[in-house]
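Take a look at the structure below.
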Amino acid sequence: MSSSTTSTPDSNINHASALQYWNSMPATVNGMLGGFPQVSRIDLRGSANFLAKIRRLIQIEQADTDTTAGQSGQRKSKKLKRGADCGAGIGRITEGFLRNVCETVDVVEPVEKFAEVIRNGLLTRKKEEGNSAEEREDEGLVENIYITGLENWIPTEKYDLIWNQWCVGHLTDSQLTTYLQRAANALTAHGILVLKENNSTDPEGRDIYDEVDNSVTRTDESFRKIFKDAGLTLIKAEEQLGFPRHLGLLPVRSYALRPNKNEYDTVDAPEE
Ligand SMILES: C[S@@+](CC[C@H](N)C(=O)[O-])C[C@H]1O[C@@H](n2cnc3c(N)ncnc32)[C@H](O)[C@@H]1O
């Protein structure tokens, strides 16, 4: 979320420096959001709306191939079986959004002190006398916690949803391309891969290297090229609206991706 930048390519990315930066950040929502904790609620609501739209698209596809589904889009939305919160930090997204849409969530996060917050938190808490009904309902939500960067994560489960937010800028283009391929292979038949990231607004249309947190902020065009290179189909892209203008934040875009499928091959300009 940092806004201090210089223009250099993604070859500047150095994982050790990025981890040093994140280890120096507080394990709080403020630390996760670079000093803008007030955008968290709007962001989480926007993510829930985006996912609901995607699930409607997928349900229509399922209904078309499933004669028991009845009228297109009439199927009831159930919780997804397993989701992944990638580059999860302290679990802000799992806590504020994924818990409402997934039965189980796995977490991928390279910084141990952030993962520790999730491990010791409410979402993985064991049943104890005195816990409220709401707490018991969440018991066991987080199952696996992988302490690693996405460039090294080899999924061993199948996921209905793999959510990546404000973290893939720590991967080079080639790492991101191969990571997306691995993640796509770990999706269930109707699974969805989502990236929600800042977009570069460089007037020359370049990706921007951020020397503060050691990440690259990509243009919308760069993301779409990487998705294509990874063999993925972009089924929907949408800009997050509603962040207070005076904060001067970069545009944030959500991308929903699936492995290339014949029925989507004609979609070359996804609806915004
Ligand atoms: C801006 S925070 C976002 C955290 C969380 N996604 C959220 O939105 O609250 C960036 C996170 O990316 C993590 N990160 C850094 N390098 C990473 C890598 N190579 N792979 C995955 N995550 C990484 C950081 O440790 C940090 O938790």
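Since the structure is predicted, the reported quantities are computational estimates derived from the model, not experimental observations. Numbering of ligands and ligand atoms starts at 1, following listing order.
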**Item:** Option among V105, N144, T188 that satisfies the side-chain contact (heavy atoms from CB on, under 4.5 Å) test with R82
**Value:**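 It is N144; the other options fail the test.
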For ligand 1, which atoms, with element, lie under 4.0 Å from some heavy atom of [X]?
X    : answer
C167 : 12 (O), 22 (N)
G149 : 18 (C), 19 (N), 20 (N)
W166 : 1 (C), 2 (S), 3 (C), 8 (O), 10 (C)
E109 : 13 (C), 24 (C), 25 (O), 26 (C), 27 (O)
H170 : 14 (N), 15 (C), 16 (N), 17 (C), 19 (N)
E151 : 18 (C), 19 (N), 20 (N)
G89  : 27 (O)

**Message:** Tell me the nearest of K113, M32, E112, K196 to atom 1 (C) of ligand 1, using heavy-atom distances.
**Reply:**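 Ranked by closest heavy atom to atom 1 (C) of ligand 1, first place is M32.
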**Request:** From the options N214, D85, L150, select the one whose nearest heavy atom is closest to atom 20 (N) of ligand 1.
**Result:**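 Of the listed residues, L150 has the closest heavy atom.
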**Item:** ring pair (Phe, Tyr, Trp, His ring centres under 6.0 Å) involving Y255 - partner list, sequence neighbours excluded
**Value:**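 Residues passing ring pair (Phe, Tyr, Trp, His ring centres under 6.0 Å) with Y255: F223, F227.
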Which atom pairs, one a donor and one an acceptor, fall under 3.5 Å between side chains of residues 84-91 and the rest of the protein, sequence neighbours left out?
{"residue": "D85", "atom": "OD2", "partner": "T94", "partner atom": "N", "Å": "3.2"}
{"residue": "D85", "atom": "OD2", "partner": "T94", "partner atom": "OG1", "Å": "2.6"}

Salt bridge [X]-[Y], side-chain N to carboxylate O under 4.0 Å:
X    : Y    : value
E112 : R119 : yes
K79  : E103 : no
K225 : E221 : no

**Message:** Students often mix this up, so state it plainly: with edges at 30° and 60°, are the rings of W153 and Y146 parallel, tilted or perpendicular?
**Reply:**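 Taking Y146 first and then W153, their aromatic rings sit tilted (interplane angle of 30° to 60°).
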**Whether A88 lies under 4.0 Å from ligand 1, heavy atom** =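 Per 4.0 Å heavy-atom rule, A88 contacts ligand 1.
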**Request:** Please determine if T148 has a nitrogen or oxygen closer than 3.5 Å to a nitrogen or oxygen of ligand 1.
**Result:**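 The answer is no, given that T148 and ligand 1 share no N or O pair closer than 3.5 Å.
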Any idea which part of [X] is under 4.0 Å from ligand 1, heavy-atom wise: side chain, backbone, both or neither?
X    : answer
P110 : side chain
V108 : neither
V29  : neither
W22  : side chain

**Prompt:** Of the non-hydrogen atoms in G169 and I13, which two are nearest, and what is the gap between them?
**Reply:**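 For G169 versus I13, the nearest heavy atoms are O-CD1, 3.3 Å.
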**Request:** Take S222 and T219, measure what side-chain hydrogen bond (donor to acceptor under 3.5 Å, both in side chains) needs, and give me the verdict at the end.
**Result:** CA-CA 5 Å; S222 293; T219 63; 3.0 Å; yes
**Message:** Regarding T28 and N30, do their side chains bring together a donor and an acceptor under 3.5 Å, going by distance alone?
**Reply:**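 No - no donor-acceptor pair under 3.5 Å links their side chains.
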